[in-house]
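One structure is given here, and the rest of the page talks about it.
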Amino acid sequence: MENRLEELLHLPTLEVARRLLGAEIVRDLPEGRLRGRIVETEGYLHNDPACHAVREVPGGVCHRHTRRNDSMFGPPGRAYVYFTYGNHYMLNLVTEPDGIPGAVLIRALEPLEGVEIMLAHRQVDPRNLTNGPGKLTQAFAIGKDLDGHDLSQPPLQIIPGDPLPDAEIVTTTRIGITRAVDKPWRFYIKGNPWVSRK
DNA sequence: TCTTAGATGCGCT
DNA sequence: GCGCATCTAAGAA
């Protein structure tokens with residue numbers, strides 16, 4: 001039961017993104033325990049212009065290692081949490097070996113436990129609790145203090161389950177970006193009502 | 001149900 | 001100063 005996450009960390013980023021579908025996120029807070037099931041992910045790669053750790057240069061791309069994206073250059077299995085749009089935190093699982101940037105953005109969860117606590121963090125219609133990357137971090141009280149956190153350990157854990165059959169996984173282009181918009185690097189669980197958008 | 005615009009603050013150039 | 005891996009309220013239908 002221990003460290004099933006470790007097995008995923010040797011896989012390529014896009015494979016990790018698929019394997020995270022159906023995984024559980026467990027968040028331990030003073031108020032209680034929150035659990036959710038990952039239903040939507042996106043991959044961001046080392047040679048991907050949409051990735052925070054990549055910059056476009058004439059004739060191609062190169063890495064850009066800054067304080068903000070430092071976690072992505074570290075060992076896999078940690079969290080990359082960043083702040084954007086003046087309001088929102090985003091949660092990623094860092095992938096790829098130490099020194100090579102890569103990450104999987106967690107875009108949506110199906111709530112499993114602690115809904116009352118989530119509603120205390122987000123006073124919205126329950127259907128909108130965790131069906132978006134900024135929504136789920138607010139519901140789960142995930143902020144910059146968890147940037148770099150080892151996601152195999154409390155107070156924030158990712159616990160993978162068995163791989164889903166391919167027939168249950170939908171592959172599409174990514175959402176909310178302006179570069180590399182044609183890459184089919186977004187994945188979600190077919191028919192799941194908590195997916196942010198079809 | 002859908003589409004649109006404004007909010008919001010920080011990191012990077 | 002600009003640009004965001006977004007969300008919400010408001011308005012039309």
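Proteins get letters first, then strands, A, B, ... in listed order; numbering begins at 1 in each.
In this structure, the separation between CG on A/Asp182 and OG1 on A/Thr173 is 8.5 Å, given to the nearest 0.5 Å. Here the straight-line distance linking atom CZ of A/Arg122 with atom OG1 of A/Thr137 works out to 8.5 Å at 0.5 Å rounding.
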Problem - Heavy-atom protein contacts under 4.0 Å, nucleotides 7-13 of chain C, coded B base, S sugar-phosphate only, - none - result: SS-----
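For C/dG3, neither phosphate oxygen OP1 nor OP2 lies less than 4.0 angstrom from any side-chain nitrogen or oxygen of A/Thr178. Between A/Arg186 and C/dA5, a side-chain N or O to OP1/OP2 separation shorter than 4.0 Å is absent.
With 3.5 Å as the limit, one finds a donor-acceptor pair spanning the side chains of A/Thr13 and A/Glu96. One side chain, A/Thr172 or A/Arg186, offers a donor N or O that lies under 3.5 Å from an acceptor on the other. Under 3.5 Å, the side chains of A/His121 and A/Glu31 contain a donor-acceptor pair of N or O atoms.
DNA chain B lies under 4.0 Å from at least one heavy atom of each of the following residues of residues 62-69 of chain A: A/Arg64, A/Thr66, A/Arg67, A/Arg68.
In this structure, the aromatic ring of A/Phe83 is not positioned over the six-membered ring of the base of B/dC10 within 5.5 Å between centres and 30° between planes. Both thresholds, 5.5 Å between centres and 30° between ring planes, are met by A/Tyr44 relative to the base of C/dA5, so the two rings are stacked.
We find that NZ of A/Lys144 is positioned 6 Å from P of B/dG11, with the value rounded to whole Å. Separating the CG atom of A/Asn92 from the P atom of C/dC4 is a distance of 17 Å, rounded to the nearest angstrom. Counting to the nearest Å, the P atom of C/dA5 and the CZ atom of A/Arg55 are 15 Å from each other. We find that OH of A/Tyr89 is positioned 10 Å from C1' of B/dG9, with the value rounded to whole Å. A/Asp147 has its CG atom 13 Å from the C1' atom of B/dG11, to the nearest Å. As rounded to whole Å, 10 Å separates atom P of C/dT6 from atom CD of A/Glu40. Look at OH on A/Tyr80: it is 10 Å from C1' on B/dG11, rounded to the nearest Å.
A/Asp166 and A/Lys190 are not joined by a salt bridge, as no carboxylate oxygen comes within less than 4.0 angstrom of a charged side-chain nitrogen. Salt-bridge check for A/Asp147 with A/Arg78: failed, with every basic side-chain N at 4.0 Å or more from each acidic carboxylate O.
Taking the six-membered ring for Trp and thresholds of 30 and 60 degrees, A/Tyr89 and A/Phe83 have ring planes inclined between 30 and 60 degrees apart.
Residue contacts shown for A/Arg197 are absent, as no nucleic acid heavy atom lies under 4.0 Å away. If you check every strand for non-hydrogen atoms under 4.0 Å, A/Ile177 touches sugar and phosphate atoms only.
Remark: side-chain polar atoms of A/Arg35 are not paired, donor with acceptor, to backbone N or O of A/Pro111 under 3.5 angstrom. At least one donor-acceptor pair closer than 3.5 Å links the side chain of A/Arg64 to the backbone N or O of A/His52.
When each of A/Leu20, A/Leu91, A/Leu34, A/Leu151 is tested with A/Ile25 by the rule side-chain contact (heavy atoms from CB on, under 4.5 Å), just one qualifies, namely A/Leu91.
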Problem - Pairing annotation in dot-bracket form, given for DNA chain C with Watson-Crick or G-U pairs under 3.5 Å and | for cross-strand partners - result: ||||.|||||||.
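Side-chain atoms of A/Lys144 and A/Tyr82, non-hydrogen and from C-beta on, never get closer than 4.5 Å to each other.
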